[in-house]
Amino acid sequence: MSDGQVFEPKIIGFFCNWCSYRAADLAGIARIKQPPNVRVIRAMCSGRIDPVFVLKAFALGADGVMIAGCHPGDCHYIEQNYKTIRRYVMLKHTLRQLGIETERLKLVWASAAEGHILAEEIAKFVDQLKKLGPLNWRDNWRPDEAEAEAVEALAQEHAEALEVPA
């Protein structure tokens with residue numbers, strides 16, 4: 001970056017309510033040192049993360065997206081994290097087609113007791129993104145107004161998938 005500024009990547013994290021969100025909470029309670037670059041969005045399950053949410057995060061300026069959930073076989077919703085794996089592979093392919101480095105998308109499994117593992121994965125991801133530099137996809141992608149409205153309508157239509165009961 002210019003002006004002597006150090007690049008700090010912006011990361012959106014979609015974390016499963018039952019495992020990875022609680023792992024993040026445990027890491028905080030245990031005062032495990034980790035970079036503050038991730039803005040966490042809690043979802044009931046990693047299987048509920050619509051690929052549109054990931055693409056929208058990039059379109060709105062994220063340098064990286066992390067999806068974190070329960071270990072395969074330990075999902076509270078039986079097999080939803082297997083759906084996450086399939087979507088992750090599809091998203092990697094889509095990012096490649098859009099000219100975005102696939103390393104900007106990360107999938108992590110962390111149980112509620114693995115705050116240290118989640119913190120380590122976040123630190124590795126931040127280092128990886130620092131090497132890649134800023135995405136700046138938003139600066140290079142200017143949808144017309146109709147496209148922007150369609151993307152917003154699609155996001156609103158699927159917003160309930162991210163809602164977490166109080």
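Every value quoted in this text rests on a predicted model; they were computed, and no experiment measured them. The figures here come from the full heavy-atom set of this structure, side chains too, leaving out hydrogens, waters and symmetry mates.
For the residue pair Gly47 and Arg87, the shortest heavy atom distance occurs at O-NH1, 3.0 Å. Residues Leu129 and Phe7 share a closest heavy-atom pair of O-CE2, 3.4 Å. Between Pro51 and Leu91 the shortest heavy-atom distance is CB-CD2, 3.8 Å. Contact between Ser20 and Gly69 at its shortest, heavy atoms only, is OG-N, 3.6 Å. Looking at every heavy atom in both residues, Phe15 comes nearest to Leu118 through CE2-CD2, 3.8 Å. Closest approach of Ile67 and Ser46 over heavy atoms only: CG2-CB, 4.2 Å.
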Exercise answer: donor-acceptor pairs, residues 21-37 side-chain atoms, under 3.5 Å, sequence neighbours excluded:
{"residue": "Arg22", "atom": "NE", "partner": "Asn17", "partner atom": "O", "Å": "3.0"}
{"residue": "Asn37", "atom": "ND2", "partner": "Glu8", "partner atom": "OE1", "Å": "3.0"}
{"residue": "Asn37", "atom": "ND2", "partner": "Pro9", "partner atom": "O", "Å": "2.9"}

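Separation of atoms SG (Cys75) and CG (Asn81) is listed at 4.5 Å; rounding is to 0.5 Å. Distance check, rounded to the nearest 0.5 Å: CD1 of Ile122 to CD of Glu120 gives 10.5 Å. Atom CZ in Arg104 sits 4.5 Å away from atom CG in Leu135 (nearest 0.5 Å).
Transitive grouping of hydrophobic side chains (ILVMFWY, heavy atoms separated by less than 4.5 Å) brings Val40 and Phe125 into a common cluster. By the criterion of side-chain heavy atoms lying less than 4.5 angstrom apart, applied directly or through intervening Ile, Leu, Val, Met, Phe, Trp or Tyr residues, Phe53 is grouped together with Val65 in one hydrophobic cluster. Hydrophobic clustering (side-chain heavy atoms under 4.5 Å, transitive across Ile, Leu, Val, Met, Phe, Trp, Tyr) groups Leu132 together with Met66. Residues Tyr88 and Ile100 share a single hydrophobic cluster, defined by chaining ILVMFWY side chains whose heavy atoms lie under 4.5 Å apart. Hydrophobic clustering, with ILVMFWY side chains joined whenever heavy atoms are under 4.5 angstrom apart, groups Ile11 together with Val108.
When each of Thr84, Asp50, Ile49 is tested with Phe14 by the rule side-chain contact (heavy atoms from CB on, under 4.5 Å), just one qualifies, namely Ile49.
Between Cys45 and Trp18, every side-chain heavy-atom pair lies at or beyond the 4.5 Å cut-off.
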Exercise. Start with the C-alpha distance between Tyr77 and Met44, add both sets of side-chain angles, then the distance that settles side chain to side chain contact (heavy atoms under 4.5 Å, CB included), and finish with yes or no.
Key: CA-CA 9 Å; Tyr77 299 100; Met44 287 308 294; 3.2 Å; yes
Practice problem: Start with the C-alpha gap between Val54 and Thr94, add the side-chain angles, then the distance that decides, and say whether side chain to side chain contact (heavy atoms under 4.5 Å, CB included) holds. | Solution: CA-CA 11 Å; Val54 173; Thr94 302; over 6 Å; no
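Put simply, the side chain of Asp63 never gets that close to the backbone of Pro134: no donor and acceptor are under 3.5 Å apart. Lys92 places a side-chain N or O within 3.5 Å of a backbone atom of Leu105 that can act as its donor or acceptor partner. Put simply, the side chain of Arg39 never gets that close to the backbone of Lys10: no donor and acceptor are under 3.5 Å apart.
Atom CD of Glu101 has more than 12 heavy atoms from other residues, nucleotides or ligands within 6.0 Å.
Under the salt bridge (charged side-chain N to carboxylate O under 4.0 Å, His left out) criterion, Lys124 pairs with Glu121, sequence neighbours left out.
The stretch residues 66-76 participates, sequence neighbours left out, in these side-chain hydrogen bond (donor to acceptor under 3.5 Å, both in side chains) pairs: His71-Glu114.
Neither side chain, Gln128 nor Lys131, offers a donor N or O lying under 3.5 Å from an acceptor on the other.
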